[in-house]
Amino acid sequence: ELKDNTIIVVLGASGDLAKKKTLPALFGLYRQGFLPRDVKIVGYARTKMDRDEFHKRATSYIKNPDNDPEISTSIDEFKALSTYVSGSYEDGAAFDNLNKHLGEIESEYQSKERNRIFYFALPPSVFVPVAKNLKEHCYIAKGGINRVIVEKPFGKDLESARELLGSLKQYWTEDETFRIDHYLGKEMVKNLLVLRFANVAMGAAWDKNSISNVQITFKEPFGTEGRGGYFDEFGIIRDVLQNHLLQVLSILTMERPVSFSAEDILLRCIPPIEQSDTLLGQYVAANGKPGYLDDETVPPQSVCPTYAATTLWIHNPRWEGVPFVLKAGKALNEAKVEVRIQFKDVTQGIFKDIARNELVIRIQPSEAVYLKLNAKTPGLYTRAIPTEMDLTYKRRFTESKIPEAYEALILDALKGDHSNFVRHDELDVAWKIFTPILHWIDGLNGPRPRPVAYPYGSRGPKELEAFINKYGYKRSGEA
Ligand code: BG6
């Protein structure tokens, strides 16, 4: 149920997010035939440029390494349906001008229906003026739908998030608003629901009786690399944990959804994180790579964490007593995002010193699900060895292409499906969980805590081992 007569307006079209994510995702959808018939794309930003220049930027991140003629043709078609308008974000008259441009496109339609999707690839400082100007100058009051797609940061703590969302709500209803957390568009995150609710074998072991602890890990092998000025205002918890990893946690642990309020009911069972359940780190120069404080855009002596591990507890009958360790860091030894569910020890019986079962869902790179289990060593004696059942996607699903998260989410928004977007009330509870430690880290109630140092390119702070052991994690030789 894609709607014909649709225009997708990308605001902030000259910026990085649009160039790297939004426009390539729109192209990907176009190429695969997933955009509405007769769709038009309109870029809007402050930068003055002509249509050619916009096309050059808009397609600079579209991959066609082998000059495939079919892709080249699609790129030309994509350019032909894309136009650009420049104007300010604050000035109403500029939005009248945008509206005029949209009206000209729409004057060619066969029917009266007109649909407009506004994608905010914008810095948060202009979210509110743009939301207001769009509503006042570019809104279809009758005979079509209007939707806005926005993305974090949604404030810096509970109070500022409430203020921002409250302001946006004056202009756009919840139904018209699609808040992106791009982790919800990732294939392996979506797969969690299938693993859990389409498999009796998984579902049966999915609780405190079988599970000892859960680790949700995000690792990036690069630092802020000259973009630390922006990062320093937020820190790793706001950048990755409070949104992406918390969303993964909520899908992993919620009850079978009977309605879409299932996630926020789950989050309501999680009390604010304790300082004692937190480990903070900051990377320092090593292996020829600069430390965080060597980034010239970072304020000198900043104590902003580039690494954090926090443990969350869910107070409900299913999860009481199971620690969920969320950890994320920049400038580590590898790129990896995974969920690792560690099961309890087998009760002492005929086998001793048996490795624990672990179910690992590797979100990226190389999407996989694998279950570590013990099997008899082949041979004329009985000994159990740890091995695994391995579902690595690129080996098993050789014909399938894993979609980009942004493609999946933009398609959902075009269809009006809210299920993979972040709801207002859900965001509110997410901030409640993190705001007290964020205020502590920001030094609002006393001296700011000092993060421990870890070398660029390492596995993280050396204190991590003791931290996860405290929550019952037993290393069983990571696969
Ligand atoms: C963003 C963060 O939300 O997610 C970045 O702001 C981070 O700091 C990025 O690098 C990670 O996304 P992905 O899809 O590469 O895992």
Side-chain angles (χ1 to χ4, degrees), residues 12 15-25 28 61 63 119-125 127 149-156 161 178-192 216-249 251 280-283 292 295 297-298 302 304-308 326-339 361-368 393 401-410 420-422 427 430-431 434 438 456-457 460:
D16 241 29
L17 176 65
K19 189 167 72 176
K20 292 186 180 154
K21 301 287 181 189
T22 321
L23 292 159
Y61 270 74
K63 293 186 198 101
Y119 192 108
F120 284 32
L122 292 167
S125 55
F127 281 3
I149 306 177
V150 271
E151 192 167 352
K152 80 167 166 78
F154 302 117
K156 295 191 74 180
F178 292 78
R179 288 180 210 91
I180 285 197
D181 182 309
H182 79 285
Y183 267 61
L184 293 176
K186 289 193 188 264
E187 187 72 9
M188 296 311 278
V189 177
K190 293 175 139 185
N191 189 25
L192 289 172
I216 305 180
T217 308
F218 171 102
K219 296 172 85 178
E220 263 181 359
F222 41 84
T224 53
E225 330 287 8
R227 301 173 63 91
Y230 172 80
F231 182 87
D232 201 82
E233 274 182 52
F234 294 91
I236 194 75
I237 294 184
R238 289 185 182 92
D239 195 42
V240 174
L241 268 91
Q242 183 267 354
N243 32 65
H244 305 326
L245 300 193
L246 190 67
Q247 289 296 339
V248 173
L249 169 83
I251 296 179
L280 304 173
Q282 189 185 79
Y283 65 91
Y292 180 64
D295 181 332
T297 61
V298 166
S302 165
C304 174
T306 60
Y307 185 97
L326 271 47
K327 43 194 195 311
K330 300 236 169 217
L332 297 175
N333 60 330
E334 60 183 340
K336 188 159 83 181
V337 182
E338 66 168 32
V339 174
I361 296 125
R362 191 161 60 227
I363 296 172
Q364 64 192 39
S366 186
E367 291 79 355
Y393 271 43
K401 169 183 174 291
I402 294 186
E404 286 295 320
Y406 282 91
E407 290 178 4
L409 293 174
I410 292 173
N420 291 310
F421 292 85
V422 185
L427 201 57
W431 277 118
F434 282 92
L438 286 167
Y456 195 124

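In listed order, ligands and their atoms are each counted from 1. For the single chain, residues carry numbers from 1 onward in sequence order. Computed from a predicted structure; not experimentally measured.
- For Lys63, the salt bridge (charged side-chain N to carboxylate O under 4.0 Å, His left out) test picks out no residue, with sequence neighbours left out.
- Pocket lining of ligand 1, defined as residues with a non-hydrogen atom under 4.0 Å away: Lys152, His182, Tyr183, Lys186, Phe218, Glu220, Asp239, His244, Lys330, Gln364.
- Residues that satisfy the side chain to side chain donor-acceptor pair (under 3.5 Å) test with Glu233, not counting sequence neighbours, are absent from this structure.
- Side-chain atoms of Glu334 never come within 3.5 Å of backbone atoms of Lys219 as a donor-acceptor pair (strictly under, hydrogens ignored).
- Between the side chain of Asn333 and the backbone N or O of Gly457 there is no donor-acceptor pair closer than 3.5 Å.
- With sequence neighbours excluded, the residues forming a side-chain contact (heavy atoms from CB on, under 4.5 Å) with Ala430 are Gln242, Leu246, listed by chain and number.
- In terms of modelled atom types and a separation under 3.5 Å, the side chain of Glu404 and the main chain of Lys21 share no donor-acceptor contact.
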